[in-house]
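Input: a single structure, listed below in structure tokens.
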Amino acid sequence: TDLIDLGITEEGALDLIEEATASGAPEQIIGWEPDPPTDWTDDVAWPDRKVAITLAPSIARDKWLTDNGWTAKAYSAWDQADLIDELGLR
């Protein structure tokens, strides 16, 4: 899969992304960076929906996302129904 080629190898994260795509989610961006750039990237993001799946903690990233109205969680904290709701697919 392309996600593995892009460095997303955690089974739970792969499942979430693939199920979201199958449910009609727009294509995600792997390694999304805000504008202006910062010293971090989002692991998996849907910037137009302000939704992100993170693979590792980052205080600076998480604070920026929260301050800018994003919903971002570690892949292990998401469940498929919540992700689909946040992406506006229901």
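With sequence neighbours excluded, the residues forming a side-chain hydrogen bond (donor to acceptor under 3.5 Å, both in side chains) with Asp85 are Arg90, listed by chain and number. Looking at residues two or more places apart in sequence or on another chain, you find a side chain to side chain contact (heavy atoms under 4.5 Å, CB included) between Ala74 and Thr54, Ser76. Under the rule for a side-chain hydrogen bond (donor to acceptor under 3.5 Å, both in side chains), Asn68 has no partner lying at least two apart in sequence or in another chain. Taking Thr21 as the reference, Ile17, Gln28 meet the side chain to side chain contact (heavy atoms under 4.5 Å, CB included) condition, with sequence neighbours excluded. Shown here are the side chain to side chain contact (heavy atoms under 4.5 Å, CB included) partners of Ala56, two or more places apart in sequence or in another chain: there are none. When the salt bridge (charged side-chain N to carboxylate O under 4.0 Å, His left out) test is applied to Asp48, no partner is found at least two apart in sequence or on another chain. Partners of Thr71 under the side-chain hydrogen bond (donor to acceptor under 3.5 Å, both in side chains) rule, at least two apart in sequence or in another chain, are Glu86. With sequence neighbours excluded, the residues satisfying side chain to side chain contact (heavy atoms under 4.5 Å, CB included) with Ser23 are Ile84, Leu89. Remark: Asp79 engages no residue in a salt bridge (charged side-chain N to carboxylate O under 4.0 Å, His left out) (not counting sequence neighbours).
Closest approach of Trp32 and Ala45 over heavy atoms only: CB-CB, 3.7 Å. A pairwise comparison of heavy atoms in Tyr75 and Ile53 identifies CB-CG2, 3.4 Å as the closest pair. Pro26 approaches Trp46 most closely through the heavy-atom pair O-NE1, 2.8 Å.
The distance from the CD1 atom of Ile29 to the CG atom of Asp43 is 13.5 Å, given to the nearest 0.5 Å.
Looking at Trp70, its side chain never comes within 3.5 Å of a backbone N or O of Trp64 through a donor-acceptor pair.
The closest side-chain heavy-atom distance from Asp82 to Lys73 is below 4.5 Å.
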